[in-house]
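This report refers to the structure that appears directly beneath it.
Excluded from the calculations below are hydrogen atoms, water molecules and symmetry mates; all remaining heavy atoms, backbone and side chain alike, are included. Atoms within each ligand, like the ligands themselves, are counted from 1 in listed order. We're numbering straight along the sequence, starting at 1. Keep in mind the model is a prediction, meaning the values are calculated, not measured.
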Amino acid sequence: MKKATLAVHAGSARERNMGGINSPILTSSAIEYLDDTEVRYPRYFNTFNQQVVAAKLCALEGAPDGLVTSSGMAAISSIMMGLLHPGEHAIIMEGMYGGTHSLVTTEFRRLGIEYSISSGEPDDIRAQIRPNTRLLFVESPTNPLLRVIDLAAVAEITHQHGIVNAIDNTFATPILQNPLSLGFDLVMHSGTKYLGGHSDLCCGALLGSEALIERIRNHALMHGGSLNAQECYLLERSLKTLDLRVRRQSENALIVAHDLLEVPGIVRVNYPGLPSHPGHDIAVRQMTGFGGMLSFELDPAIDPVRFLRALQWIPCAISLGGVETLLCQPVATSHARMELGERERLGITPQLIRVSVGIEDVGDIVEEVVTAIQEAA
Ligand SMILES: Cc1ncc(COP(=O)(O)O)c(C=O)c1O
């Protein structure tokens with residue numbers, strides 16, 4: 001089946017008593033176990049709605065197994081805490097989501113776990129590998145600069161050294177990129193973004209082989225961080241339109257990116273769909289669309305906050321991936337906690353504006369941005 005069909009049907013379980021075609025929401029936290037093969041409990045990631053929605057995500061990512069978590073960060077910390085021991089070493093990619101960067105740079109030191117930060121280029125990853133390296137964690141495209149790395153090449157290097165590799169696939173979504181088919185071991189998502197898709201859910205997911213998921217689950221169930229039945233159902237409902245939403249957002253973003261290139265007051269546009277983007281050729285190879293996220297840099301003469309305040313109907317808000325277009329200034333939101341020097345080195349300046357392109361009419365989106373720039377200039 002194609003993804004549009006899987007998004008609607010995979011995993012979903014009909015309601016048996018009344019013949020309802022949607023999965024029922026089973027809220028019990030006390031579940032009889034005498035006639036079951038396992039003990040079920042919401043924190044153990046094995047209740048009905050948790051399994052239904054995990055099965056849909058597994059079908060979309062081509063994963064044998066998966067867990068649905070209470071946030072994207074719960075998925076990331078479950079991978080890291082589940083797989084790494086004190087004295088071991090992990091490689092993470094520079095320019096990743098600020099929360100992931102902060103988790104590694106603050107918590108790892110406290111826990112005695114070593115880390116290196118890599119550009120994500122295959123040669124650099126090879127150079128960072130140590131005898132005690134156990135995990136590589138990357139993001140592609142990255143938040144907010146939309147850097148793209150060669151996933152198949154990176155996966156091959158880590159496998160040569162017996163290192164588990166994991167990727168944050170939030171920006172691409174399972175619709176546009178399936179890292180497991182390129183050799184990755186684990187994929188995670190901030191479900192708060194495209195998977196939820198309506199800016200009203202906080203959730204996450206991690207997917208991979210049965211053996212890896214079981215290893216992670218055994219630790220994650222002690223840390224908490226599973227998702228409750230109601231939210232699992234909302235996520236399942238949202239996923240039914242994932243293909244539709246993401247393809248529209250991706251089409252809109254390509255048009256917005258091209259149009260913004262011509263707008264006075266914008267000095268740079270970061271979008272993997274632009275032929276001028278350094279990762280364009282790799283993105284063409286490993287993605288089936290370029291996604292709904294882009295960022296642009298305002299001319300130094302334009303005050304970014306003045307510009308954001310001049311927007312009429314596009315909200316200036318943190319988060320992304322919803323049906324509505326959102327703009328934000330990463331230095332004030334997603335990357336506010338990143339050290340200033342590191343932010344500047346990466347090119348995340350106050351002039352950088354991130355756009356999560358929604359499903360609205362694309363002409364309206366471009367006009368709104370252009371008008372706000374004119375007012376702020
Ligand atoms: C790429 C990416 N990964 C992970 C996260 C963390 O997800 P959550 O906020 O659901 O914990 C975010 C949040 O913005 C993100 O943008």
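The shortest N/O to N/O separation between Ile76 and ligand 1 does not fall below 3.5 Å. Where the criterion is an N or O separation shorter than 3.5 Å, residue side chain and backbone included, Met73 meets it with respect to ligand 1. Residue Ser190 has at least one N or O atom closer than 3.5 Å to an N or O atom of ligand 1.
Residues Asp299 and Ile266 fail the side-chain proximity criterion, which asks for heavy atoms closer than 4.5 Å. With a 4.5 Å cut-off on side-chain heavy atoms, Ser226 and Gln50 count as touching.
By the 6.0 Å contact criterion, CZ on Arg130 is enclosed, its count of non-hydrogen atoms from other residues, nucleotides or ligands being greater than 12. For Glu38, the CD atom counts as densely surrounded, since its 6.0 Å shell holds more than 12 non-hydrogen atoms of other residues, nucleotides or ligands. For Glu107, the CD atom is densely surrounded, since the number of other residues' heavy atoms within 6.0 Å is greater than 12.
Those atoms of ligand 1 that come under 4.0 Å of a heavy atom in Thr192, given as number and element, are 8 (P), 10 (O).
Within the 4.0 Å heavy-atom criterion, the part of Lys193 lying near ligand 1 is the side chain and not the backbone.
Ranking protein heavy atoms by distance to atom 1 (C) of ligand 1, first place goes to Asp168 OD2, 3.5 Å.
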Compile the donor-acceptor pairs under 3.5 Å between side chains in residues 68-83 and protein atoms, sequence neighbours left out, one pair per line.
{"residue": "Thr69", "atom": "OG1", "partner": "Ser71", "partner atom": "O", "Å": "2.8"}
{"residue": "Thr69", "atom": "OG1", "partner": "Gly204", "partner atom": "O", "Å": "3.2"}
{"residue": "Ser70", "atom": "OG", "partner": "Gly225", "partner atom": "O", "Å": "3.4"}
{"residue": "Ser71", "atom": "OG", "partner": "Met73", "partner atom": "N", "Å": "3.4"}
{"residue": "Ser71", "atom": "OG", "partner": "Ala74", "partner atom": "N", "Å": "2.9"}
{"residue": "Ser77", "atom": "OG", "partner": "Met73", "partner atom": "O", "Å": "2.9"}
{"residue": "Ser77", "atom": "OG", "partner": "Ala74", "partner atom": "O", "Å": "3.4"}
{"residue": "Ser78", "atom": "OG", "partner": "Ala74", "partner atom": "O", "Å": "2.6"}

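Heavy-atom distances between His189 and ligand 1 stay at or above 4.0 Å for every pair.
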